[in-house]
Amino acid sequence: MEAAAHMTQKTFTVTDPESGRSSALPVRSGTIGPAGLDISALHKDLGVFTYDPGYATTAAVESRITYIDGDAGVLLHRGYPIEQLAEHSTFMEVAYLLLIGELPTAKQLEEFIGNIRYHTMINEWLLRFFNGFHANAHPMAMVSGVVASMAAFYHDTMDIHNPRHREIFAHRIIAKLPTIAAAAHKHSLGQPFIYPQNSLDYASNLLNMMFAVPCEQYRLDPVASKALDLLFVLHADHEQNASTSTVRLAGSTGANPYAAISAGVSALWGPAHGGANEAVLVMLEQIGSVDNIPKYLAMAKDKSSHFRLMGFGHRVYKNFDPRAKIIREMCHKVLAALGRSDNPLFELALRLEEIALKDEYFLARKLYPNVDFYSGVIYSAIGIPRSMFTVMFAIARTVGWVANWQEMIADPGMRIGRPRQLYTGATRREYLDIRKRV
Ligand code: SDX
């Protein structure tokens with residue numbers, strides 16, 4: 001039985017120095033990590049809100065899915081360290097773990113994979129949506145639009161309070177994301193759509209749908225499939241990040257879950273979030289050579305330049321992002337296996353990390369490489385075009401989004417998310433007829 005948060009005997013008392021009124025704020029603790037100060041009585045007792053722009057110190061939910069210790073560089077999925085899952089598991093097994101809460105038996109995993117395989121095709125009418133996009137439409141725009149449109153196809157069979165409907169939704173969206181992603185890629189190439197092959201594993205199926213053509217047999221490279229599967233494991237879930245929080249907030253209104261996932265895709269696209277993997281490659285190509293690194297580091301430190309070292313820094317990790325370490329090691333292995341060890345972008349990324357991590361600005365702010373810093377080197381090496389990098393992230397993170405959405409909807413205490421604000425606008429004033437305005 002999984003532990004739940006529980007009220008401790010401890011309370012923090014906040015007192016208004018002017019009125020002398022106090023509010024006793026109980027401490028709610030989880031299994032590991034910082035406890036939460038329950039402030040739900042604060043506004044009633046003292047007429048004030050808490051103020052936490054960017055939610056840097058706000059636990060908005062209770063969750064049992066993923067735990068991050070940013071100072072120690074720890075990432076656990078249902079208690080299992082990401083390093084062990086990366087070494088021993090697969091994306092489908094991690095998907096089961098995140099959704100169900102336990103590692104599957106061989107039979108359970110086989111059944112789960114079968115359920116996913118059964119849903120890989122998309123409705124032919126949904127396929128026609130792609131014809132409405134320009135050839136140069138960004139794949140993330142196409143994916144978020146087509147995923148939202150799935151609500152139109154499954155709206156009537158989606159009772160979010162029916163566990164079986166929620167399970168079918170999970171299978172459908174996890175199964176169809178790669179098919180939709182590949183269709184977006186084929187549309188941008190002007191090539192025919194390739195149907196899923198249920199004889200292939202999840203990552204191989206995606207590569208086949210992206211790169212096969214009807215006129216010849218596509219040779220799958222097991223190195224590429226394994227590397228992509230591992231990248232999916234590393235991107236599957238990450239606590240209450242911006243896109244997961246978006247899915248939760250959208251889903252908290254009772255909206256169709258396909259619409260909520262589409263909102264997550266859109267949030268992930270931002271360069272401060274999942275869009276960073278594409279931005280890192282643009283940055284590395286901009287830097288071009290090791291000699292230019294000092295110039296770009298200076299720009300990253302110059303607030304007026306608005307330039308940031310993409311793939312560096314993290315809201316939670318103030319140490320190495322454990323996923324970045326694993327991906328960096330993967331780069332060495334994958335590039336060697338593909339006979340591309342002399343990859344100039346990877347060499348540049350390694351030197352950039354080395355130089356930045358000796359720079360006081362980055363050290364003082366605890367800015368380390370995050371998951372996006374090296375992933376693009378591997379995506380490029382296995383032939384994924386840069387515009388599809390964030391789509392790869394979205395495919396993997398769909399599992400985390402669905403796990404968080406299910407956890408929220410299944411919670412009988414779920415309420416619509418509705419943050420408050422610190423108002424700094426105009427006080428009340430009377431309407432002025434336009435003839436009197438100057
Ligand atoms: C992901 O939340 C998640 O878990 C996200 C994610 C996931 O799996 O879901 O891990 C995936 O989104 C990883 C992050 C990818 N984004 C990038 O790589 C973009 C570059 N990084 C940043 O923009 C930034 O570091 C963020 C957005 C990641 C974090 O921003 P914060 O927490 O709001 O930090 P901040 O902007 O307040 O920065 C603190 C200081 C500032 O300087 P000072 O005002 O203190 O002088 O550090 C500086 C910032 O200017 N800073 C950087 C920097 N990141 C922060 N300076 C230069 N380059 C950077 N990359």
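Just so you know, residue 1 is the first one in the sequence shown, and it goes up from there.
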For the CD atom of Glu167 and the CZ atom of Phe112, what is their distance to the nearest 0.5 Å? 9.0 Å
If we ignore hydrogens and angles and just use 3.5 Å, is the side chain of Asn404 paired with the main-chain N or O of Gly400 as donor and acceptor? yes
Looking only at atom types and distance, does a side-chain atom of Ser204 sit under 3.5 Å from a main-chain N or O of Asp201, one as donor and one as acceptor? no
Do Glu93 and Ser89 pair up side chain to side chain, a donor and an acceptor below 3.5 Å, judged on atom types alone? yes
Ring-plane angle category for Phe232 and Phe91, please: parallel below 30°, perpendicular beyond 60°, tilted otherwise. tilted
Under 3.5 Å, which donor-acceptor pairs do the side chains of residues 373-381 form with other protein atoms, sequence neighbours left out?
unit_1: Tyr374; atom_1: OH; unit_2: Glu353; atom_2: OE1; d: 2.1
unit_1: Ser380; atom_1: OG; unit_2: Gly376; atom_2: O; d: 3.1

Looking at Arg28 and Asp38, would you say the former's side chain and the latter's main chain have a donor-acceptor pair under 3.5 Å? no
Fit a plane to each ring of Tyr368 and Phe320, take the angle between them on a 0 to 90° scale, and name the class: parallel (under 30°), tilted (30 to 60°) or perpendicular (over 60°). tilted
Counting only heavy atoms not in His134 (residues, nucleotides, ligands), do more than 12 fall under 6.0 Å from its NE2? no
Have His138 and Glu278 got a donor and an acceptor in their side chains that come within less than 3.5 Å? yes
Output for pair (Phe129 CZ, Met142 CE), nearest 0.5 Å, gives 14.5 Å
Which pair of heavy atoms, one from Leu98 and one from Ala236, lies closest together, and at what distance? CD1-CB, 3.7 Å
Compute whether any side-chain donor of one residue and acceptor of the other, for Asp69 and Asn319, lie under 3.5 angstrom apart. no
Is Arg166 reaching over with its side chain to a backbone N or O of Ile160, donor-acceptor style, under 3.5 angstrom? yes
Verdict with supporting geometry, Leu367 and Leu309, side-chain contact (heavy atoms from CB on, under 4.5 Å): CA-CA 9 Å; Leu367 303 176; Leu309 213 50; over 6 Å; no
Gap separating the CG atom of Leu177 from the OG1 atom of Thr398, nearest 0.5 angstrom: 3.5 Å
Looking at Lys318 and Asp71, does any basic side-chain N land under 4.0 Å from a carboxylate oxygen? no
Ion pair Glu354/Lys358, N-O distance below 4.0 Å: yes
Main chain of Ala60, side chain of Thr58: is a donor-acceptor contact present, judged purely on distance under 3.5 Å? no
Would you confirm whether the ring centroid of Tyr317 sits within less than 6.0 angstrom of the ring centroid of His238? yes
Are the side chain of Asn370 and the backbone N or O of Asp321 linked by a donor-acceptor pair below 3.5 Å? no
List the steps, then state whether side-chain contact (heavy atoms from CB on, under 4.5 Å) holds for His332 with Phe346. CA-CA 9 Å; His332 288 295; Phe346 180 45; 3.6 Å; yes
Exceeds 12 heavy-atom contacts within 6.0 angstrom, atom CD of Glu110: no
Counting only pairs under 3.5 Å, give me each side-chain donor-acceptor contact of residues 254-263, with atom names and distances, residues two or more places apart or in other chains.
unit_1: Asn256; atom_1: OD1; unit_2: Tyr258; atom_2: N; d: 2.8
unit_1: Asn256; atom_1: ND2; unit_2: His155; atom_2: ND1; d: 3.4
unit_1: Ser262; atom_1: OG; unit_2: Ser144; atom_2: O; d: 2.7

Scan side-chain atoms only and decide if Thr120 and Asn205 contain a donor-acceptor pair under the 3.5 Å cut-off. no
Would you mind checking if Glu83 and Lys325 are paired as a salt bridge, meaning a charged N to carboxylate O distance below 4.0 Å? no
Got a salt bridge between Arg365 and Glu360, using NZ or NE/NH1/NH2 to carboxylate O under 4.0 Å? no
Counting distance only, does the side-chain N/O of Arg315 pair as donor-acceptor with the main-chain N or O of Gly54 below 3.5 Å? yes
Compute whether any side-chain donor of one residue and acceptor of the other, for Asp52 and Thr57, lie under 3.5 angstrom apart. yes
Can you confirm whether Leu76 sits close enough to Thr66 that some side-chain heavy atom of one is under 4.5 Å from a side-chain heavy atom of the other? no
Can you tell me how far the CG atom of Leu42 sits from the OG1 atom of Thr50, to the nearest 0.5 Å? 7.0 Å
Short question: side chain of Arg340, backbone of Leu335 - any donor-acceptor pair under 3.5 Å? no
Residue pair Arg164, Asp159: steps toward the salt bridge (Lys or Arg N to Asp or Glu O under 4.0 Å) verdict: CA-CA 9 Å; Arg164 179 63 185 135; Asp159 169 5; over 6 Å; no
Going from CG on Leu207 to OG on Ser225, what distance comes out if it is rounded to the nearest 0.5 angstrom? 5.0 Å
Just checking Met121: does its CE atom have more than 12 heavy atoms from other residues, nucleotides or ligands closer to it than 6.0 angstrom? no
Flag the pair Phe169 / Tyr154 as yes when at least one side-chain heavy-atom distance between them is below 4.5 Å, and no otherwise. no
Side-chain touch Arg386/Glu285, heavy atoms, less than 4.5 angstrom: yes
On a heavy-atom basis, the closest approach of Pro178 and Ile174 is CD-O, 3.3 Å
Side-chain H-bond candidate by donor/acceptor type, Asn241 with Ser243, under 3.5 Å: yes
How about Arg78 and Arg64: do any of their side-chain heavy atoms sit closer than 4.5 Å? yes
Would you indicate whether Tyr361, at its atom OH, is surrounded by more than 12 heavy atoms from other residues, nucleotides or ligands within a distance under 6.0 Å? yes
Between Glu239 and Ser63, do the side chains contain a donor N or O and an acceptor N or O under 3.5 Å apart? no
Report yes or no: do Asn292 and Gln286 form a side-chain donor-acceptor pair below 3.5 Å? no
State whether the number of non-hydrogen atoms from other residues, nucleotides or ligands found under 6.0 Å of Phe49 atom CZ is greater than 12. yes
Hey, are the side chains of Glu124 and Leu127 touching, using non-hydrogen atoms and a 4.5 Å cut-off? yes
Less than 3.5 Å apart, any donor N or O on the side chain of Asn277 or Thr390 sitting next to an acceptor on the other? yes
Going by the angle between their ring planes, with limits at 30° and 60°, are His187 and Phe130 parallel, tilted or perpendicular? tilted
Within a strict 4.5 Å, meaning less than it, do heavy atoms of the Pro139 and His185 side chains meet? no
With a 4.5 Å cut-off on side-chain heavy atoms, are Met392 and Ile395 touching? yes
Of the non-hydrogen atoms in His314 and Arg323, which two are nearest, and what is the gap between them? NE2-NH2, 3.9 Å
In short, Pro419 meets Tyr55 closest at the heavy-atom pair CG-OH, 3.5 Å
Between CD of Glu111 and CD1 of Ile116, what distance do you get to the nearest 0.5 Å? 11.5 Å
Heavy atoms, side chains only, cut-off 4.5 Å: are Tyr96 and Thr90 in contact? no
